[in-house]
Amino acid sequence: AAQAVTPPLFKTHCASCHGPASDFARQSLTLRNGTLVAKASGRVVAETLRSHGGLASEDIAVVVAALTRVVAETGAQ
């Protein structure tokens with residue numbers, strides 16, 4: 001249900017380089033103390049998106065929330 005009401009920002013801004021959100025989240029992201037971070041670098045995704053991906057500042061929280069939900073749903077570690 002959450003996916004149906006979430007704007008397709010990942011698809012339009014990120015998927016051409018990172019592939020499907022579910023694959024990207026499972027392989028590359030994890031939650032650390034409730035914060036979404038990149039597995040490889042440990043960088044906070046919300047901070048990274050300020051200068052990566054071309055998202056408007058108001059869209060960063062939407063993408064982070066969607067990816068956090070995907071990480072939780074896929075059981076990414």
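Side chains included, hydrogens not; waters and symmetry mates left out as well; all remaining heavy atoms used.
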What's the shortest heavy-atom distance between Ser22 and Val70, and which atoms? CA-CG1, 3.6 Å

Is the backbone N or O of Ala25 less than 3.5 Å from a side-chain atom of Lys39, with the two atoms forming a donor-acceptor pair by type? no

Could you measure the distance from the [atom1] atom of [X] to the [atom2] atom of [Y]? Nearest 0.5 Å is fine.
X: Phe10; Y: Asp59; atom1: CZ; atom2: CG; answer: 14.0 Å
X: Leu67; Y: Cys14; atom1: CG; atom2: SG; answer: 7.0 Å
X: His18; Y: Ser28; atom1: NE2; atom2: OG; answer: 8.0 Å

Inspect the contact between Glu47 and Arg43 and indicate whether a charged nitrogen and a carboxylate oxygen are less than 4.0 angstrom apart. no

Heavy atoms, side chains only, cut-off 4.5 Å: are Ile60 and Arg50 in contact? yes

Are side-chain heavy atoms of Leu31 and Val37 found at a separation under 4.5 Å? no

Test side chain to side chain contact (heavy atoms under 4.5 Å, CB included) applied to Leu49 and Val63, Val44, Leu36, the passing residue: Val63

